[in-house]
Amino acid sequence: MSDSAHEPAHAAISDFLSEERRFPPPEGFAEGAVVSDRSLYERAEADPEGFWAEQAGSLEWFQKWHTVLEWELPNARWFVGGTLNVSVNCLDRHVAAGLGERVAYYFEGEPGDTRTISYAELLADVERFANVLKGLGVRRGDRVAIYMPMIPELPVAMLACTRIGAAHSVVFGGFSPDALRDRINDAAAKVLITADGGWRRGAVVALKENADAAVAGAPSIEHVVVARRTGDADGPTPMTEGRDEWWDDLMAGADPSCEPEQMEAEDLLYLLYTSGTTAKPKGIMHSTGGYLTQVAFTHRAVFDVHPESDVYWCAADIGWVTGHSYIVYGPLANGTSSVLYEGTPDFPDKDRWWDIIERYRVSILYCAPTAIRTFMKWGAEYPDGHDLSSLRVLGSVGEPINPEAWTWYWQTIGGGKCPVVDTWWQTETGAIMIAPLPAVTTCKPGSATFALPGISAELVDDAGEVVERGGGYLTLTRPWPAMLRGLYQDPERYRETYWSRFEGRYFAGDGAKLDEEGYLWLLGRVDDVMNVSGHRISTTEVESSLVDHPSVAEAAVVGAKDETTGQAIIAFVTLRGGQEHTSERGEDLRRHVAKLIGPIARPKTVIFTDELPKTRSGKIMRRLLKDVAEGRDLGDTTTLADPLVVEEIRRLSSQQPTEE
Ligand code: WT7
């Protein structure tokens, strides 16, 4: 843990760090840009619904909508009466336009294997797999769970669902069997699509074994489809007769053509589970027409995508919303050629990313600040010796990007000629909400700048009064097409979580600041949600998995500032009587959390304490624990039931080795 995450890496960079430092669009960038002047903001502001209808018009509809928006807080219906099919918009219409030979994905596996997949090939696979799903009994309106590595079969599976009108629920391949089981059960999915395994740092992630463990407790699953990826590298894959089928076998026997379902604009496109402030993940619902409209528009406008010439790489995992919107649906709707990469940046060596950019002539790179900060740690001049001259636009997402990382990205990766677009959005918003437009916006390093055309963001104070300058809670003041349509089977929690704190407003859960010139600076979550490497993790979820362990009496978890991952998970644990505070016990608890949730939720440090600091009413003071974890001054502790507890914890935590 360190306090220095926001200190400049070296002196040259510190020159850039003031709020005054400005980065206008590079010279000549506006020429031929997707959005080349500010008039779009004005047009959208004058008539937001008209603006979004115009964007929806660039999709292909079977039947045009009769009403752009029906809004009855908190429920929005966009493009009512319209019908469309997402796979048709992502595939058929490009092939019909003569672009069948264009590359949809340059796939690169972690071991170095590659596949180039054209739009025509992707369409053929999607139609076949759609028929496979039908053959397994999947019907319009059903849910299909997907638990896969980053291989081309993953977008094929998602698009095949959209073709037949089934909603998918993709579960990140790093999640545990328990996490997968809970998500399958919440959605009552009929079919699970997985793979034998995935590659991660040269080792096999045993996806099928995890899937089997999950399905043992998921009675709704009738069939499991298994794509081949790792083969017998870690032993034979267990297959259950009558339930499990190999992807290839099913594809070989499937009909090659599948008529697309004509879906209502408001039909459920997918569920994606995300952590909230309770232990139960929320099933975020996304719609068909509004979602596709906004992801396609934002992808084009924010990254200035020219599909005929750009090679675009979003280095996220499809298991998160970033991958859904900006590896699959946005890029494909726009007919873009994308890189799809299975592995981590440092495997087999630290040149992997730059090598990929150089080989595929990547022109647009979209990644998380954590990756950028990791690269910075590997050396200020890194990545020396690579030709990155193909890059045109750089994007950032997932957490606040600190000014020095922004500037390093601009200078060292972009060579000072690529706009850097910091994009704020959430699983719930479905698409980018706050970001610069690369040919239009003068950037300040560390600021996500302004709400996009058609979007209205405002800060409010505790009382809900609008804040014009300074800090406040980030809210959105009107519905947007890609907004979540609710939480799966929990309308009350939807209203309560997002629409009740400030009347008439969507509350994002983030704090932000408006500077003198109206630039927005995101400050991080104001609720009990942590952000580790751009992944959202709930403190409560980690706490419940800790108290699930028989040795634990009580646990409090905080996200402490971390130089590389943004935040790190620090757990304060009180053991049941008679249990010893050994480092083996700490290791055991960290493993337990990883087993119950997944390795991303494993606490970096476990600190044992005989008592947790509590208010007199018994509420755990997480703020104090966070101060302790970040080594800050504690200020006033007089509201505590026992102020001495905190001193004891501080003493303990300074003795605790921090594990990597
Ligand atoms: C939370 C949403 C959006 C895809 C990845 C995360 C934080 C996201 C930024 C940014 C500052 C950001 C917020 C938000 N966040 N992007 N550019 N600057 N913070 O999706 O898991 O739904 O998390 O990530 O705190 O609320 P998510």
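All values below were derived from every heavy atom in this structure, side-chain atoms included, with hydrogens, water molecules and symmetry-related copies excluded. Whatever order the structure lists ligands and atoms in, that order sets their numbers, starting from 1.
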among protein heavy atoms, the one nearest atom 6 (C) of ligand 1 is Gly534 O, 4.0 Å
**Min N/O separation Asp510 to ligand 1 under 3.5 Å** = yes
### Query
Are any of the side-chain heavy atoms of Glu266 and Trp78 separated by less than 4.5 Å?
yes
Inset, instruction - Examine Phe297 together with Trp52 and report whether their ring centres are nearer than 6.0 Å. - result: yes
*Less than 3.5 Å between some nitrogen or oxygen of Asp422 and one of ligand 1, yes or no?*
yes
Val321 heavy atoms within 4.0 Å reach ligand 1 at atoms 4 (C)
Would one find an N or O of Gly398, backbone or side chain, under 3.5 Å from an N or O of ligand 1? yes
Query raised in the report: Does any N or O atom in Thr322 lie less than 3.5 angstrom from one in ligand 1, N or O only?
Result: no
protein heavy-atom neighbour closest to atom 3 (C) of ligand 1 works out as Trp425 O, 3.2 Å
| request: Name the orientation class of the two ring planes belonging to Phe172 and Phe175 (parallel below 30°, tilted from 30 to 60°, perpendicular beyond 60°). | output: perpendicular
Arg536 heavy atoms within 4.0 Å reach ligand 1 at atoms 2 (C), 21 (O), 22 (O), 23 (O), 27 (P)
Does the side chain of Arg536 come within less than 4.5 Å of Arg525's, by heavy atoms? yes
Under 4.0 Å between heavy atoms, the region of Gln426 that gets near ligand 1 turns out to be both
Counting from 1 in the order shown, the ligand 1 atoms closer than 4.0 Å to a non-hydrogen atom of Asn531 are 7 (C), 24 (O)
Note: ligand 1 atoms sitting under 4.0 Å from heavy atoms of Pro400 are 11 (C), 18 (N), 19 (N)
A student checking ligand 1 against Thr423 at a 4.0 Å heavy-atom cut-off should list atoms 9 (C), 10 (C), 16 (N), 17 (N)
Would Asp186 and Tyr488 satisfy side chain to side chain donor-acceptor pair (under 3.5 Å), going step by step from the backbone distance to the final call?
-> CA-CA 8 Å; Asp186 190 73; Tyr488 194 60; over 6 Å; no
Please confirm whether Trp71 and Trp499 have ring centers closer than 6.0 angstrom.
-> yes
min-distance protein heavy atom vs atom 22 (O) of ligand 1 -> Thr427 OG1, 2.5 Å
Tested for side chain to side chain contact (heavy atoms under 4.5 Å, CB included) against Val558, the lone hit among Leu625, Ile569, Thr539 is Leu625
Got a sec: does the NZ of Lys626 have more than 12 other heavy atoms crowding it under 6.0 Å? yes
When every non-hydrogen atom of Ala333 is compared with those of Leu292, the smallest separation belongs to CB-CD1, 4.2 Å
